[in-house]
Participant: 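So that we are looking at the same thing, I have put the structure below in structure tokens.
Owing to the predicted nature of the structure, the values given are computational and were not obtained by experimental measurement. Positions are given from 1 along the sequence.
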Amino acid sequence: MSKAQDPFYIVKEEIQESIDKLQSSFHQWERIRPDDEERGRLTKELLANCESIEWQVDELDKAISVAARDPSWYGIEEVELESRRRWTSNARTQVGNVKKAVVAGKENGNTSSAMHRELMRLPNSHQPGRSNLYSAEDNDGFIASESDRQMLLIKQQDEELDELSASVERIGGVGLSIHEELLAQEKIIDELGNEMDSTTNRLDFVQKKVAMVMKKASAKGQCMMILFLLALFIILFILVFFT
């Protein structure tokens, strides 16, 4: 089976594209300040994408384990299996590094944001009225900003779920193709076995008939048959080599 038709390489290409997009988003995430709302949105997006890619890599590892049980049946050499295991291990490492960095950045960002909020809550004893006014305005702005952020997160999660659903459907289609191919090969093997059984039965029948003829024939008949075959051989020999 060529690489273009091998389900492993089809799924591998999709996963590699997802990893490339993940790393691109991660580099964008690194350039954003920790207190920026965009960084929080990207953090959740990166973590969700990491989970999705890790699940796909796990499924690919399971398929490799199934093929490793009987490589000759699937037409895969041990060197190829080892190469596939190295790729999935490398992919899992890349995703794991991004996930660790994002989680660490998220924790640091939460600490900084908490300190900032505590400082903003400190009362101003010299201007109590203005402080209350600013506090009310800040609360209204915070509520509006939080509402917009929640709506944006919901929309982003819906898009991620759609992408995850599409990936699951593609992997399911690949699995169904493998199943159909295995069924077709099993049918071919069964037909070949039936043909071999039929041929064996015919050979047994012919051998029994010949044995019966030889048994029934008299010694004189056997001598005549041998002489006839010898004469036929001599005639054929003369025709082939002297004409």
Side-chain angles (χ1 to χ4, degrees), residues 9-61 85-171:
Y9 288 99
I10 297 174
V11 178
K12 173 185 174 182
E13 184 177 354
E14 294 179 358
I15 295 176
Q16 187 61 54
E17 290 179 359
S18 299
I19 293 176
D20 294 340
K21 292 180 181 179
L22 177 71
Q23 291 180 339
S24 177
S25 299
F26 174 68
H27 293 323
Q28 181 183 357
W29 176 85
E30 288 180 313
R31 293 192 293 268
I32 301 176
R33 291 183 295 106
D35 57 346
D36 196 323
E37 292 183 1
E38 179 67 15
R39 185 182 175 100
R41 183 190 67 80
L42 271 179
T43 297
K44 293 185 176 182
E45 178 183 344
L46 286 169
L47 292 177
N49 289 339
C50 286
E51 295 291 338
S52 174
I53 295 172
E54 286 177 341
W55 177 81
Q56 294 180 55
V57 173
D58 289 340
E59 291 299 315
L60 204 57
D61 258 340
R85 292 192 188 99
R86 285 197 301 270
W87 185 88
T88 54
S89 176
N90 183 46
R92 188 177 285 105
T93 300
Q94 294 181 51
V95 177
N97 291 338
V98 172
K99 188 175 182 179
K100 290 179 183 177
V102 172
V103 170
K106 180 181 179 181
E107 293 175 353
N108 294 335
N110 290 340
T111 303
S112 300
S113 298
M115 293 177 61
H116 179 71
R117 285 195 298 269
E118 289 297 330
L119 290 174
M120 293 298 294
R121 290 174 183 171
L122 291 176
N124 188 343
S125 58
H126 299 288
Q127 296 178 339
R130 182 174 299 177
S131 175
N132 292 336
L133 177 62
Y134 287 162
S135 177
E137 291 177 353
D138 290 342
N139 288 337
D140 293 339
F142 174 77
I143 292 172
S145 175
E146 187 67 16
S147 177
D148 292 340
R149 189 174 69 86
Q150 291 295 334
M151 293 297 294
L152 184 62
L153 287 176
I154 292 173
K155 181 179 179 181
Q156 181 65 28
Q157 289 175 354
D158 290 340
E159 293 176 353
E160 291 171 358
L161 288 175
D162 291 339
E163 293 179 359
L164 180 59
S165 176
S167 298
V168 171
E169 289 179 359
R170 286 195 296 269
I171 294 175

Participant: Output a table of donor-acceptor pairs, distance under 3.5 Å, between side-chain atoms of residues 10-17 and any protein atom two or more places apart or on a different chain; print 'none' if there are none.
Facilitator:
{"from": "E14", "atom 1": "OE1", "to": "R170", "atom 2": "NE", "distance (Å)": "3.1"}
{"from": "E14", "atom 1": "OE2", "to": "R170", "atom 2": "NE", "distance (Å)": "3.0"}
{"from": "Q16", "atom 1": "NE2", "to": "D20", "atom 2": "OD1", "distance (Å)": "3.1"}

Participant: Any non-hydrogen side-chain atom of N97 less than 4.5 Å from a side-chain atom of F26?
Facilitator: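 No. Closest side-chain heavy atoms not under 4.5 Å.
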Participant: Scan V95, V168, I171, T88 and name whichever one has a side-chain contact (heavy atoms from CB on, under 4.5 Å) with Q56.
Facilitator: I171
Participant: At what distance, to the nearest 0.5 angstrom, does CD1 of I19 lie from CD of Q94?
Facilitator: 5.0 Å
Participant: If I take atom NE2 from residue H27 and atom CG from residue L22, how far apart are they, to the nearest 0.5 angstrom?
Facilitator: 9.5 Å
Participant: Dump the intermediate steps for salt bridge (Lys or Arg N to Asp or Glu O under 4.0 Å) on E160 and K44, then the final yes or no.
Facilitator: CA-CA 11 Å; E160 291 171 358; K44 293 185 176 182; over 6 Å; no
Participant: Rounded to the nearest 0.5 Å, what separates atom CD in E45 from atom CD in E159?
Facilitator: 8.5 Å
Participant: Indicate the atoms forming the closest heavy-atom contact of L46 with S25, along with that distance.
Facilitator: CD2-CB, 3.6 Å
Participant: Output the distance between atom CG (L164) and atom CG (N49), rounded to the nearest 0.5 Å.
Facilitator: 9.5 Å
Participant: From D58 CG over to I53 CD1, what is the distance, rounded to the nearest 0.5 angstrom?
Facilitator: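 These two atoms lie 12.0 Å from each other.
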Participant: Is there a donor-acceptor pair under 3.5 Å between the side chain of R39 and the backbone N or O of W29?
Facilitator: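 Pair found, side chain donor or acceptor close to backbone of W29.
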Participant: To the nearest 0.5 Å, how far apart are CG in D36 and CZ in R41?
Facilitator: 10.0 Å
Participant: Compare all side-chain heavy atoms of R92 with those of D61 and state whether any distance is below 4.5 angstrom.
Facilitator: yes
